[in-house]
Amino acid sequence: MHRTGAAWRSPQLEASGMASESLSRIVTRRIPFDFPQDVKPHWIPDKPELAHLWNGASMTMPYLEPFLIRTMREALKQVQDPVVHADGEAFISQEGQHYRVHRRFNDQLIASGGYTELAAVEAQMEVFYAKLSTRSLGCRLAFSAGFESMTMGMTRWLIGERCKLFKDADPRVVSFVLWHMVEETEHKTVAFDVYQTLYGNYWQRMFGVLHGSYGVLNFGVRACVLMLKKDGLWKGWRSRWKFFAQGVTAVRHIGPYLLRAMLPWHDPRAERDLEWVREWLARFPADVADGSIPMVDTRDPLMPVPSMTVKSNEVSYGT
């Protein structure tokens with residue numbers, strides 16, 4: 001079982017021989033994803049339910065990720081370990097990039113689909129995170145680490161099944177989705193390490209896995225269903241069945257990660273990263289220069305890691 005509190009260090013981190021003075025290996029990539037007016041809500045051909053599952057998840061990010069940033073910034077004031085502290089700063093920087101891109105995508109989504117009703121869900125998230133922000137730092141860090149556990153399952157699903165899920169989909173959106181999942185993998189240990197360093201209480205961390213996952217999935221599903229209703233799809237049983245089937249598939253991929261995250265000896269380093277993720281990180285180890293975007297070719301049956309970057313205005317998409 002892990003040691004807890006200020007003396008805690010992951011067994012994997014100790015075994016690596018990493019010096020305390022080492023800088024974080026997490027990279028902030030300021031990729032200028034752009035979502036012009038021709039980016040549509042149904043960006044996956046013939047799969048509006050799947051597109052809206054991601055759209056709903058995206059709606060939560062401009063509320064969740066600033067909360068994660070505020071929590072991490074407060075926690076880092078107490079972190080003495082230089083490595084953990086450096087990783088925490090890099091985590092803040094990456095999450096800042098993520099929620100800004102999600103906000104741009106969401107603004108285009110709402111404008112294109114006329115989903116003004118989403119304002120009600122956004123208001124509910126404002127209240128939820130305002131209340132959550134009054135809880136103890138330990139509770140908030142456990143929530144953060146719990147959410148990050150869920151993203152490992154999301155990554156396994158979305159990247160591992162990318163060829164089936166995103167065939168012929170809008171490459172601008174797919175590239176954005178997969179970039180976010182790759183970087184979630186890159187900082188998958190940070191919230192866990194900070195929590196273990198400062199607190200390490202197993203029961204609080206275990207509850208955080210459930211709390212963090214439910215807090216995000218709850219609002220994401222609400223937003224998804226609202227958009228399906230707005231599109232007139234929720235009336236038909238076929239659309240509801242497809243939505244339910246996609247939800248079951250998501251749980252099948254995410255569930256095992258959540259169960260392992262609730263074990264007393266859990267360490268996210270034990271979760272093996274997908275080869276596609278490792279290749280993406282190796283190919284883009286630093287910030288992308290000259291405002292280009294690593295664009296995934298969704299018409300390639302293998303959907304490989306992009307071999308080069310392109311300008312967003314050089315990409316067009318039509319179904």
Side-chain angles (χ1 to χ4, degrees), residues 26 28 33 52-76 88-107 109-110 115 118-155 157-158 173 176-192 194-195 204-205 207-227 250 254 257-258 261 268:
I26 298 170
T28 301
F33 288 101
H52 276 326
L53 271 178
W54 170 259
N55 296 342
S58 181
M59 291 300 303
T60 70
M61 294 298 113
Y63 300 90
L64 165 69
E65 289 177 317
F67 166 82
L68 299 179
I69 290 170
R70 293 192 301 270
T71 299
M72 183 63 66
R73 187 170 285 129
E74 181 180 343
L76 290 182
E89 292 287 358
F91 174 93
I92 289 171
S93 185
Q94 275 196 348
E95 294 290 21
Q97 291 300 312
H98 293 173
Y99 90 78
R100 291 183 183 93
V101 179
H102 277 281
R103 172 53 69 191
R104 293 201 297 272
F105 175 76
N106 294 350
D107 287 346
L109 175 71
I110 293 170
Y115 303 120
L118 286 171
V121 180
E122 292 185 293
Q124 292 166 0
M125 288 189 283
E126 287 272 15
V127 172
F128 176 83
Y129 286 106
K131 289 183 177 179
L132 186 57
S133 295
T134 66
R135 303 288 294 273
S136 70
L137 179 59
C139 172
R140 286 178 279 136
L141 278 175
F143 179 99
S144 301
F147 166 73
E148 296 297 330
S149 299
M150 184 188 70
T151 65
M152 288 187 281
M154 287 288 292
T155 299
W157 179 36
L158 297 178
V173 183
F176 156 51
V177 171
L178 300 187
W179 159 75
H180 189 167
M181 293 297 98
V182 166
E183 291 198 345
E184 287 296 324
T185 299
E186 191 175 30
H187 69 229
K188 68 183 181 182
T189 65
V190 178
F192 174 87
V194 173
Y195 176 81
Q204 186 177 51
R205 180 179 66 76
F207 177 73
V209 173
L210 300 174
H211 190 197
S213 301
Y214 173 78
V216 175
L217 293 174
N218 175 39
F219 291 112
V221 168
R222 289 188 198 182
C224 173
V225 171
L226 189 152
M227 287 182 279
I254 297 169
Y257 284 83
L258 298 184

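Remember, predicted model here, so these are calculated numbers, not experimental data.
Here Y115 and H52 bring their ring centres to under 6.0 angstrom of each other. Ring centers of Y63 and Y129: at least 6.0 Å apart, outside the cut-off.
In this view, A261 and S149, V209, H266 satisfy the side chain to side chain contact (heavy atoms under 4.5 Å, CB included) rule, not counting sequence neighbours. D107 is linked by a side chain to side chain donor-acceptor pair (under 3.5 Å) to nothing, counting only residues two or more places apart in sequence or in another chain. Judged as a salt bridge (Lys or Arg N to Asp or Glu O under 4.0 Å), and not counting sequence neighbours, the contacts of E183 are R29. Taking the side chain to side chain contact (heavy atoms under 4.5 Å, CB included) definition, one finds that V221 meets it with V225, F243, sequence neighbours left out. Evaluation of the side chain to side chain contact (heavy atoms under 4.5 Å, CB included) rule for S58 yields W54, H102, F105, N106 as partners, not counting sequence neighbours.
For the atom pair L64 CG and S144 OG, the distance stands at 7.5 Å (nearest 0.5 Å). If you take CZ on R100 and CZ on F33, they are separated by 15.0 Å, rounding to the nearest 0.5 Å. Put simply, CE on M181 and CZ on F176 are 8.5 Å apart, with the number rounded to the nearest 0.5 Å. The distance from atom CG of L118 to atom CD1 of I110, rounded to the nearest 0.5 Å, is 5.5 Å. Rounded to the nearest 0.5 angstrom, L68 CG and E148 CD are separated by 6.0 Å. A distance of 12.5 Å separates CD1 in I92 from CD in E65, rounded to the nearest 0.5 Å.
Under the 4.5 Å side-chain criterion, counting only non-hydrogen atoms from C-beta, C139 is not in contact with F207. Counting only heavy atoms from C-beta outward, the side chains of F219 and M59 never approach each other to under 4.5 Å. Side chains of T155 and K188 form no contact here, defined as non-hydrogen atoms less than 4.5 Å apart. Counting only heavy atoms from C-beta outward, the side chains of R70 and S133 approach each other to under 4.5 Å. Between F128 and N218, every side-chain heavy-atom pair lies at or beyond the 4.5 Å cut-off. Residues M154 and I254 are in side-chain contact: their nearest non-hydrogen atoms beyond the backbone lie under 4.5 Å apart. Two residues are said to be in side-chain contact when any heavy atoms from C-beta on lie closer than 4.5 Å; E95 and H187 meet this criterion.
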> Can you check side chain to side chain contact (heavy atoms under 4.5 Å, CB included) on R73 and L76, steps first, answer last?
Replying inline: CA-CA 5 Å; R73 187 170 285 129; L76 290 182; 5.9 Å; no

> What do the steps show when you test L217 against M150 for side chain to side chain contact (heavy atoms under 4.5 Å, CB included), and what is the final call?
Replying inline: CA-CA 10 Å; L217 293 174; M150 184 188 70; 3.7 Å; yes

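Within the structure, the salt bridge (charged side-chain N to carboxylate O under 4.0 Å, His left out) test picks out the following pairs touching residues 118-143 (sequence neighbours left out): E74-R140, R103-E122.
No donor-acceptor contact under 3.5 angstrom links the side chains of H98 and Q94, judged on distance only.
When all heavy atoms of I69 and G96 are compared, the closest pair comes out as CD1-N, 3.6 Å. Smallest separation of non-hydrogen atoms from L137 and A75: CD2-CA, 3.9 Å. Between G146 and S213, the closest heavy-atom pair is O-OG, 4.0 Å. Scanning all heavy atoms of the two residues, the minimum distance from P268 to T189 falls at CG-CA, 3.8 Å.
Ring pair H211/F143 is perpendicular by interplanar angle, where above 60° counts as perpendicular and below 30° as parallel.
Side-chain atoms of T60 never come within 3.5 Å of backbone atoms of G56 as a donor-acceptor pair (strictly under, hydrogens ignored).
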